[in-house]
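Shown next, in structure tokens, is the structure this report addresses.
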Amino acid sequence: MKNRDLLTFICSCTFILSAFCTTSSATAAETPIPCISITDSSGAQQSTYAPGDSLIYTVTFPLEQQSLLLFTASVRFPDNNVDRTKLYVSLSEQEKSVCWTGTVPDDAAGRAEVVVTSLILPGKFVIARKDFEVSRSGDDRDNPSFICSACHGDNYRGWKETRHYPAVGCELCHGSGQNHITAPSSDTISIPTGDICNTCHSGNDGTVIEASNGFINAQQQRNELEDTAHGSVADCCTCHNPHYSPSNNKASAIKLTCRQCHPQKDVYLNMQSLDCEDCHMAPAVSKGDSSGSGLYKKGDTPSHLFRIKTEAAADTFLTPDGTAASKDIHGPFLTVDRACLHCHNGFDAGLQTFDSVQQTSTIVH
Ligand code: HEC
Ligand code: HEC
Ligand code: HEC
Ligand code: HEC
Ligand code: HEC
Ligand code: HEC
Ligand code: HEC
């Protein structure tokens with residue numbers, strides 16, 4: 001990390017000082033002892049950290065006057081002996097602390113130590129140390145997928161942040177990795193096609209899109225996709241990288257975006273900044289956490305129907321008995337109440353009526 005990056009961190013890490021370094025008021029003014037704090041990426045101090053965690057290291061110098069500061073810091077991890085040494089030069093003014101970030105190596109376990117050696121001018125050398133525990137949490141060590149993390153750290157870390165973690169593990173999709181681990185190569189492991197997703201993201205025989213309480217039921221993406229225009233050109237993995245979560249790492253999770261296949265689809269009516277998904281994947285699916293009522297219903301999960309049937313009458317999204325999504329000869333569709341009114345409800349955007357969104361829906365593009 002360059003000094004320039006470091007300085008930007010200085011401002012953003014003051015909260016950590018007040019939280020964890022309050023005891024280090026300088027009693028011996030000539031040799032102030034720096035305080036080292038270690039937190040996770042959200043700024044919270046943990047009793048142990050796991051391989052793959054991003055850590056923030058903060059060193060606070062209880063300086064009482066403006067001083068020139070030179071220091072090196074290294075983090076020693078036990079098993080693999082990784083030493084990360086940094087050299088920083090910084091003039092302290094208001095800021096009395098320096099932080100930097102690092103990642104716990106995938107194969108680290110045991111006691112790790114941060115050592116900071118600093119020269120404070122005017123003054124002298126001070127060395128401060130702080131150790132912390134790295135352990136594969138029970139969850140991780142026992143998880144059958146953990147063994148894959150040693151060589152596929154990125155996939156593993158991404159997967160850990162999806163809702164597939166911890167149960168839908170690597171081998172559920174890739175098959176047994178036993179031979180692969182003893183002889184790692186592309187020939188000893190299988191790569192599934194997008195069809196593997198249908199095992200769990202499909203209901204009934206895949207044809208009827210079941211609904212209840214005014215929403216499409218959860219975990220039926222295959223049923224939703226099947227009869228749409230996309231059903232014949234895309235499977236789940238055309239758009240999804242299954243190792244990442246769309247809700248917390250969309251850039252990695254969606255490998256092919258709408259715009260890449262539909263370039264130059266301009267949006268008008270003051271809605272240029274919306275995502276395509278806001279309308280075309282409107283939350284018409286519910287796991288049980290829905291809001292709104294009447295035509296302003298809002299589910300908790302994006303749908304996979306994409307087509308907006310602008311001419312459809314209000315509240316015809318589901319069949320009259322409410323047990324399935326309606327279909328016409330082109331397959332299932334969103335009505336404009338579902339596509340637009342989850343936002344135009346007076347909270348997320350101005351309140352509009354069904355008639356007004358229906359009239360303007362044909363001039364969105
Ligand atoms: C000791 C290291 C190691 C471990 C452990 C390991 N792999 Fe691999 N894996 C490799 C190597 C090396 C390759 C080949 C990479 C290449 O060809 O680019 C590979 C390739 C793969 C591929 C891609 C094959 C392809 O054709 O691109 C998959 C999928 C895979 N591993 C899954 C797993 C899973 C699942 C586990 C855990 C059960 C696992 N690996 C454990 C080293 C490992
Ligand atoms: C939900 C099913 C699923 C799970 C769970 C899963 N994978 Fe995959 N994996 C796939 C599919 C499908 C592909 C093919 C790539 C694609 O189409 O995007 C793939 C490709 C890969 C590849 C080769 C391409 C790449 O992305 O690097 C590796 C390596 C890999 N997986 C490792 C893992 C490891 C390690 C885990 C567990 C941490 C894991 N996978 C969990 C479905 C899965
Ligand atoms: C063994 C069952 C199973 C398989 C196979 C499976 N999934 Fe899942 N998937 C689940 C479950 C369970 C959830 C969590 C549902 C929830 O909490 O809403 C989930 C959630 C997801 C999520 C949301 C993740 C998040 O964190 O936001 C995506 C995206 C997803 N699956 C895509 C896929 C894709 C793509 C495939 C095929 C490569 C696939 N799944 C295969 C069971 C599975
Ligand atoms: C045309 C591209 C495309 C296809 C094909 C596709 N998806 Fe998605 N999917 C997306 C996008 C984009 C999102 C994120 C939507 C958002 O953020 O509003 C998403 C979100 C999801 C989610 C997350 C829902 C949540 O709870 O946040 C799941 C689960 C999912 N897709 C599963 C699947 C499965 C399973 C398939 C195959 C049957 C599939 N998708 C096919 C583009 C696609
Ligand atoms: C793999 C490329 C691909 C991706 C990714 C993709 N589409 Fe499409 N889309 C198509 C094709 C092909 C068609 C059918 C031919 C056409 O109408 O252009 C289509 C059709 C559509 C239609 C018309 C549906 C109908 O039944 O008339 C809409 C709306 C649409 N896409 C929106 C989206 C949105 C929104 C996204 C992103 C979430 C997206 N597409 C992602 C390729 C793609
Ligand atoms: C404000 C809501 C909204 C947003 C945002 C939006 N669309 Fe649309 N889109 C619509 C509506 C409504 C229609 C149907 C228009 C009609 O039938 O006259 C439509 C139609 C389409 C069609 C099918 C009609 C055709 O021209 O073939 C595609 C493809 C499409 N949109 C892609 C996209 C893409 C890509 C994005 C993101 C860049 C996007 N849309 C953003 C509302 C939206
Ligand atoms: C993700 C939320 C969202 C969705 C979905 C959405 N809009 Fe909007 N819309 C906005 C915002 C935000 C504005 C600009 C400010 C405002 O009106 O609150 C806007 C503005 C508009 C305007 C201009 C109003 C004005 O007074 O300038 C029209 C018309 C409109 N939307 C129609 C639609 C239609 C039709 C759809 C569905 C096809 C739709 N919107 C879907 C958020 C949304």
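Starting from 1, each residue takes its place in the sequence as its number. If you're wondering where the values come from, they're calculated on a predicted model, not measured in any experiment. Each ligand, and each atom within it, is numbered from 1 in the order the structure gives.
Not one N or O on the side chain of S202 forms a donor-acceptor pair closer than 3.5 Å with the backbone of T199. A donor-acceptor pair is defined here as one N or O able to donate and one able to accept, closer than 3.5 Å; no such pair exists between the side chain of D195 and the backbone of N198. When atom types are taken as modelled, the side chain of E171 and the backbone of G177 share a donor-acceptor pair closer than 3.5 angstrom. Put simply, the side chain of Y49 gets close to the backbone of I38: a donor and an acceptor are under 3.5 Å apart. Side-chain atoms of D337 never come within 3.5 Å of backbone atoms of L341 as a donor-acceptor pair (strictly under, hydrogens ignored). For H174 (side chain) and I191 (main-chain N/O), no donor-acceptor pair under 3.5 Å exists by modelled atom type.
Near C173, with a cut-off below 4.0 Å to any heavy atom, the atoms of ligand 2 are 1 (C), 2 (C), 3 (C), 4 (C), 5 (C), 42 (C), 43 (C). Taking a cut-off of under 4.0 Å to the non-hydrogen atoms of K255, the atoms of ligand 2 that pass are 16 (C), 17 (O), 18 (O). Taking a cut-off of under 4.0 Å to the non-hydrogen atoms of H152, the atoms of ligand 2 that pass are 29 (C), 35 (C). Each of the following atoms of ligand 2 lies closer than 4.0 Å to a heavy atom of Y156: 38 (C). Ligand 3 places these atoms under 4.0 Å from at least one heavy atom of S247: 25 (C), 27 (O). Applying the 4.0 Å criterion to heavy atoms of G169 picks out, from ligand 2, the atoms 5 (C). Each of the atoms 38 (C) of ligand 3 lies under 4.0 Å from some heavy atom of C237.
Residues D321 and T323 bring a donor and an acceptor atom of their side chains to less than 3.5 Å of each other.
Between T199 and ligand 3, a contact under 3.5 Å exists for no N or O pair. An N or O contact shorter than 3.5 Å is missing between N241 and ligand 2 by distance.
If you look at A167 next to ligand 3, there are no close heavy atoms at all, none under 4.0 Å. The part of C148 lying near ligand 2 is the side chain, judged by heavy-atom distances below 4.0 Å. Contacts between I196 and ligand 3 below 4.0 angstrom, taking non-hydrogen atoms only, involve backbone and side chain alike. Looking at K287 against ligand 3, only its side chain comes within 4.0 Å, counting heavy atoms.
For K160, the closest heavy-atom approach to ligand 2 does not fall below 4.0 Å. Contact annotation: G194 has no heavy atom less than 4.0 Å from any atom of ligand 3. Under a 4.0 Å heavy-atom criterion, P192 is in contact with ligand 2. Note on ligand 2: I191 sits in its first shell, one or more heavy atoms being nearer than 4.0 Å. Residue contact check for ligand 3: Q221 places no non-hydrogen atom closer than 4.0 Å to it.
Of the charged side-chain nitrogens involved, none lies within less than 4.0 Å of a carboxylate oxygen, so that E161 and R157 do not count as a salt-bridged pair. R111 has a carboxylate O that lies under 4.0 Å from a charged side-chain N of D131, or vice versa, which qualifies the two as a salt bridge.
A heavy-atom distance below 4.5 Å is found between the side chains of V267 and V364. In this structure, S286 and D300 have side chains that are in contact, with non-hydrogen atoms separated by less than 4.5 Å. The shortest side-chain heavy-atom distance between T193 and C237 does not fall under the 4.5 Å cut-off. Side chains of T58 and T39 form no contact here, defined as non-hydrogen atoms less than 4.5 Å apart. Taking the side chain as every heavy atom from C-beta outward, V285 and E224 approach each other to under 4.5 Å.
For atom 8 (Fe) of ligand 3, protein N/O/S neighbours under 2.8 Å (waters excluded) are H164 NE2, H201 NE2.
Rounded to 10°, the angle formed at atom 8 (Fe) of ligand 2 by NE2 of H243 and NE2 of H174 is 180°.
Listed by first and then second residue, the ring-ring contact (aromatic ring centres under 6.0 Å, His included) pairs involving residues 307-363 amount to none (not counting sequence neighbours). Sorted by first and then second residue, the ring-ring contact (aromatic ring centres under 6.0 Å, His included) pairs involving residues 216-263 (not counting sequence neighbours) are H230-F306.
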Requested in this report: Take C197 and R222 through the test side-chain contact (heavy atoms from CB on, under 4.5 Å) and record every step on the way to the result.
Outcome: CA-CA 8 Å; C197 321; R222 179 222 176 170; over 6 Å; no
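Within the model, atoms CD of Q358 and SG of C340 stand 9.5 Å from one another, a figure rounded to the nearest 0.5 Å.
Protein residues with a heavy atom under 4.0 Å from ligand 7 are L269, N270, M271, L274, D278, C279, A339, C340, H342, C343, H344, A349, G350, Q352, V357, T360, S361.
The minimum heavy-atom distance linking Q220 with N204 is given by the pair OE1-ND2, 4.2 Å.
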